[in-house]
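Worksheet for the structure shown next.
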2 protein chains.
Amino acid sequence: MASHLSIDDVAKRTGLTAHTLRYYERIGLISPIARAAGGQRRYGTADIAWIEFLLRLRTTHMPISKMLAFAGLRSAGDSTISQRRHLLQTHLAEVQIELEAMNRCVAALQEKIEHYHSLEPCHSSTFNPEENLPDDHTKPLPARTGETP
Amino acid sequence: MASHLSIDDVAKRTGLTAHTLRYYERIGLISPIARAAGGQRRYGTADIAWIEFLLRLRTTHMPISKMLAFAGLRSAGDSTISQRRHLLQTHLAEVQIELEAMNRCVAALQEKIEHYHSLEPCHSSTFNPEENLPDDHTKPLPARTGETP
DNA sequence: CTATTGGTTTGAGCGCGCTCTAAGTCAATA
DNA sequence: TATTGACTTAGAGCGCGCTCAAACCAATAG
């Protein structure tokens with residue numbers, strides 16, 4: 001259960017910095033970590049699991065304030081399981097909405113790229129700085145891009 | 001082409017605040033908007049289209065610094081079209097990676113919810129504050145949740 | 001016995017993306 | 001004419017999520 005990992009080990013494993021790990025502990029997102037002689041943190045597998053869970057919440061854009069609420073419920077024991085589930089479900093519902101918005105925007109941006117393709121004189125697909133071929137009659141600033149006119 | 005919309009009209013249409021619209025113009029994300037007598041902004045359809053495009057970039061988490069780069073290319077004329085396309089494609093590639101990460105996390109969180117379901121004593125699916133039925137032998141703090149032990 | 005390494009703490013600072021304030025200008029109305 | 005109210009500007013302030021700095025301590029190497 002206690003795999004005595006140092007803070008740097010955990011940093012490498014999780015991609016967080018040691019700074020951030022201490023910060024998370026300070027604000028209560030991570031409960032106090034066991035210490036070796038000398039006061040150095042020793043993370044157990046349960047700690048790692050919790051951190052990885054936090055990272056999943058972070059990846060799905062849960063604000064720290066909500067993670068703190070979740071952590072509070074968790075530390076209050078098994079009687080809060082339904083509340084934790086509720087919190088998670090609410091969050092996932094928000095995430096679904098965000099994902100749909102993102103997907104819509106991605107689709108629109110891909111269409112814009114298609115549009116650019118049709119506008120390009122030669123279509124070299126990689127970026128090439130020497131690519132100022134046609135000095136078209138360019139309207140300087142208000143070069144609109146053609147959405148919802 | 002000029003549909004003489006006031007800043008508040010545009011705010012309502014786009015969901016941005018008038019403050020934010022002025023801020024975007026100040027930092028160069030939006031090029032100087034035409035003015036009515038008295039100096040009030042009058043937005044045209046091309047302006048609206050550009051703002052909606054910016055919102056799509058924002059929804060897909062493009063930082064303002066990159067939007068500024070894009071805006072700069074745009075105002076430099078048609079010769080920058082391939083660079084704009086490149087910028088957009090790079091961005092979309094990042095977005096795809098982010099979307100995949102989010103989807104993986106959503107799946108994991110949904111599994112966690114399933115797990116909670118199996119742990120719950122009675123399963124009332126809506127949140128109920130009076131739900132402290134079983135005072136189980138609860139481990140106070142280190143109530144681990146069971147990922148990767 | 002130093003010097004180095006690698007951790008510790010508290011608190012300050014920072015980058016981002018707004019958000020708000022203060023002071024001023026203008027157009028229309030009482 | 002006086003006042004209202006919507007708009008303008010430049011600049012300060014804020015919430016979030018880190019990120020860093022300064023000072024200190026413990027263990028090991030030379």
In terms of ring plane angle, is the pair B/W50 and B/F70 parallel, tilted or perpendicular, where the classes change at 30° and 60°? parallel
Check every atom of [options] against the side chain of [X] and return the nucleotide holding the closest atom.
{"X": "B/H19", "options": "C/dT21, D/dC18, C/dC18", "answer": "C/dT21"}
{"X": "B/D8", "options": "C/dT8, C/dT21, D/dC7", "answer": "D/dC7"}
{"X": "B/A37", "options": "D/dT19, C/dA27, C/dG7", "answer": "C/dA27"}
{"X": "A/I64", "options": "D/dT19, C/dG7, D/dG17", "answer": "D/dG17"}
{"X": "B/Q40", "options": "D/dT19, D/dC7, C/dG17", "answer": "D/dC7"}

Taking the basic N atoms (NZ, or NE/NH1/NH2) and the acidic carboxylate oxygens, is any pair closer than 4.0 Å for A/E111 and B/R56? no
Nucleotide [N], atom [atom2] - distance to [atom1] of [X] in whole Å:
{"X": "A/L16", "N": "D/dC20", "atom1": "CG", "atom2": "P", "answer": "14 Å"}
{"X": "B/L21", "N": "D/dT9", "atom1": "CG", "atom2": "P", "answer": "12 Å"}
{"X": "A/H4", "N": "C/dG7", "atom1": "NE2", "atom2": "P", "answer": "15 Å"}
{"X": "B/I27", "N": "C/dG17", "atom1": "CD1", "atom2": "P", "answer": "8 Å"}
{"X": "A/Y23", "N": "D/dT19", "atom1": "OH", "atom2": "P", "answer": "10 Å"}
{"X": "A/R22", "N": "D/dG17", "atom1": "CZ", "atom2": "C1'", "answer": "17 Å"}
{"X": "A/I51", "N": "D/dC18", "atom1": "CD1", "atom2": "P", "answer": "13 Å"}
{"X": "A/R42", "N": "D/dA26", "atom1": "CZ", "atom2": "C1'", "answer": "12 Å"}

Identified side chain to side chain contact (heavy atoms under 4.5 Å, CB included) counterpart of A/E94 within the set A/I97, A/T90, A/L92: A/T90
Give me the one residue out of B/R41, B/R42, B/Q40, B/K12 that meets side chain to side chain contact (heavy atoms under 4.5 Å, CB included) with B/S6. B/R42
5' precedence on DNA chain C between B/G39 and B/P63 (nearest-nucleotide basis): B/P63
If you assign each of B/M67 and B/G38 to its closest nucleotide in DNA chain C, which residue comes earlier from the 5' end? B/M67
Have a look at [X] and say if it touches a base, only the backbone sugar-phosphate, or nothing, with a 4.0 Å heavy-atom cut-off.
{"X": "A/R58", "answer": "sugar-phosphate"}
{"X": "B/R41", "answer": "sugar-phosphate"}
{"X": "B/R35", "answer": "sugar-phosphate"}

Can you check whether any acceptor in the base of C/dG11 is under 3.5 Å from a donor in the side chain of A/R26, or vice versa? yes
